[in-house]
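The structure appears below as structure tokens.
We use all heavy atoms of the structure for the numbers below, so side chains are in, but hydrogens, waters and symmetry mates are not.
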Amino acid sequence: MTEKSNEHSVWHDDLRSEINKRLTLNLLIQGAAAHTFMSASHLVRRELEQIHTGLTHLYDQFAIAGQLNYSIGDIAVLYGRPNRWWGWSSKPQKPFENHLLLATRGNLLAREEVRHLRTEGRQKGVSGIPVLSWIQLLRLTLKLVRLEDGHAGLLQDLAVRAVSTIWDLPEERLDATMTRNVAFGNLMPTTGIKAKIARQTAVGYGGVELRGDQFIVVARAWFFPLLIHELVKGTMELICLRGLSSLDDSTYQAVISEADRIEYEPWLLQAGPAMWRRLLSVVPRSVPLSRTIMMIAQLDPMSLEELMLQVLDDPQQATRRLDQLTSQ
């Protein structure tokens, strides 16, 4: 192999490592958003109950049923799981073939999430049975359309307040809008039928926009719980930007174009919440969560992979590692 070929091979390996790192961060971003999606409405319960008695419970049901749809509903039927379909195959989906965490633990995390959702569902009156859960989600969606009508302005403010409280981010850096026209920013081109379906059926978008000299978290969604979901996605994206800051422009574009495809989101939403809950169980309580995530995002790809595997396989070691990381 020539010297030029060796250089190309090293560059390709480095790029693959950065893509894998971004996929891991996206797993955490989606996991954090889905986790908060299911509970954040309780921070503004009093105001929600003034809009309509029982609205908080309805949001709980909608969040559980919506997340179940990724795991046992029509989305799961279309996309399968991180490892193909329902665990009948150990072959990873294509983007995860070289991603050790998702290639070997994707289905384990997805199954853990289904168990968690079914447990939560039994407590909230949400069916965990395929088809029945999907029908219930449709009914809940129609009910939300009726109950939220005329309250968008208040609900937007409440979503901003809830996320600001959770992440200690000033409210003026959060821009939330309830709308059916959710797309914003520079959307990546879609290739393939699954990507096009995902784009056409999206009910929320969240991200970061540079306005003047400040990054602003932007969220657009149909309903209040989804707006919180997208605000948290954008907040996590803002925190994780440090993890991309060392990349040159061409590498950054290559990483984003491969790792941030919309058709990957269903798999990340299936596995991400369980990964996020595992991470929350080992992060230091004495340090703001945003600082911990920022430090994690700045790890090199190999160190990040090792840490995430420790979170799953050796939580005590992961706790020690995070204590060391956040004390620097």
- request: Applying side-chain contact (heavy atoms from CB on, under 4.5 Å) between Thr36 and each of Ile166, Val163, Thr235, Leu231, report the one that passes.
  value: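 That would be Ile166; it is the only one of Ile166, Val163, Thr235, Leu231 passing the side-chain contact (heavy atoms from CB on, under 4.5 Å) with Thr36.
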message: Against Leu279, only a single residue in Leu289, Ile296, Leu312 fulfils side-chain contact (heavy atoms from CB on, under 4.5 Å); can you say which?
response: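 Only match with Leu279 under side-chain contact (heavy atoms from CB on, under 4.5 Å): Ile296.
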message: Determine whether Glu47 and Arg161 satisfy the following criterion, side chain to side chain contact (heavy atoms under 4.5 Å, CB included), listing intermediate values before the conclusion.
response: CA-CA 12 Å; Glu47 292 86 347; Arg161 187 199 307 174; 2.7 Å; yes
Side chain of [X], backbone of [Y]: donor and acceptor closer than 3.5 Å?
X: Gln270; Y: Gly80; result: yes
X: Asn69; Y: Leu137; result: no
X: Glu230; Y: Gly206; result: yes
X: Asn83; Y: Asn107; result: yes
X: Lys21; Y: Leu244; result: no
X: Thr326; Y: Leu322; result: yes
X: Thr201; Y: Ile197; result: yes
X: Ser133; Y: Pro130; result: no

- request: Indicate if Val283 and Val287 have the same hydrophobic cluster label, given that clusters are the connected sets of ILVMFWY residues with side-chain heavy-atom separations under 4.5 angstrom.
  value: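 No; Val287 is not reachable from Val283 via cluster members.
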- prompt: Between Trp267 and Ile193, is there a shared hydrophobic cluster once you connect ILVMFWY residues whose side-chain heavy atoms come closer than 4.5 Å?
  reply: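 In one cluster with Trp267: Ile193, yes.
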Would you please say whether a donor-acceptor pair under 3.5 Å links the side chains of [X] and [Y]?
X: Asp300; Y: Ser303; value: yes
X: Asn98; Y: Asn20; value: no
X: His99; Y: Thr24; value: yes
X: Arg220; Y: Thr177; value: yes
X: Ser250; Y: Asp248; value: yes

field: For Glu258, all residues meeting side-chain hydrogen bond (donor to acceptor under 3.5 Å, both in side chains), sequence neighbours excluded
entry: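 Glu258 satisfies side-chain hydrogen bond (donor to acceptor under 3.5 Å, both in side chains) with Arg261, Tyr264 only.
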Results of side-chain hydrogen bond (donor to acceptor under 3.5 Å, both in side chains) for Thr56 - residues two or more places apart only: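 Thr56 satisfies side-chain hydrogen bond (donor to acceptor under 3.5 Å, both in side chains) with Glu49 only.
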Qualifying residues under side-chain contact (heavy atoms from CB on, under 4.5 Å), relative to [X], sequence neighbours excluded:
X: Asp213; result: none
X: Ala297; result: Leu25, Cys240
X: Phe215; result: Arg173, Val208, Leu210, Leu238, Leu241
X: Gln136; result: Gln61, Val126, Ser127, Leu140

Do [X] and [Y] make a side-chain contact, defined as non-hydrogen atoms from C-beta onward lying under 4.5 Å apart?
X: Phe223; Y: Leu227; answer: no
X: Arg105; Y: Asp313; answer: yes
X: Leu280; Y: His35; answer: yes
X: Leu48; Y: Leu155; answer: yes

- prompt: In the hydrophobic clustering (ILVMFWY, side-chain contacts below 4.5 Å, transitive), which residues join Ile129, or is it alone?
  reply: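 So far as hydrophobic clustering goes, Ile129 is joined with Leu132.
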- request: May I ask you to list the residues sharing a hydrophobic cluster with Ile135, side-chain cutoff 4.5 Å, ordered by chain and number?
  value: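 Ile135 shares its hydrophobic cluster with Val131, Trp134, Leu138.
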Pairing of Glu113 and Arg277 as salt bridge, 4.0 angstrom limit: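 Yes, Glu113 and Arg277 are salt-bridged.
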task: Could you name each residue pair satisfying ring pair (Phe, Tyr, Trp, His ring centres under 6.0 Å) that touches residues 40-59, not counting sequence neighbours?
output: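 Qualifying pairs, neighbours excluded: Tyr59-Phe224.
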- prompt: Do any pairs count as a ring pair (Phe, Tyr, Trp, His ring centres under 6.0 Å) and have a residue in residues 229-256, sequence neighbours left out, and if so which ones?
  reply: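 The answer is Phe37-His229.
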query: What pairs with Tyr70 under ring pair (Phe, Tyr, Trp, His ring centres under 6.0 Å), at least two apart in sequence or on another chain?
result: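 Ring pair (Phe, Tyr, Trp, His ring centres under 6.0 Å) check on Tyr70 returns nothing, list empty.
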message: Given the ring of Trp222, does Arg180 sit roughly above its face, with NZ or CZ under 6.0 Å from the centre of the six-membered ring and within 45° of the axis?
response: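 Satisfied, under 6.0 Å and within 45°.
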task: Output every pair passing salt bridge (Lys or Arg N to Asp or Glu O under 4.0 Å) with a member in residues 265-274, not counting sequence neighbours, ordered by first then second residue.
output: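 Sorted result for residues 265-274: Lys233-Glu265.
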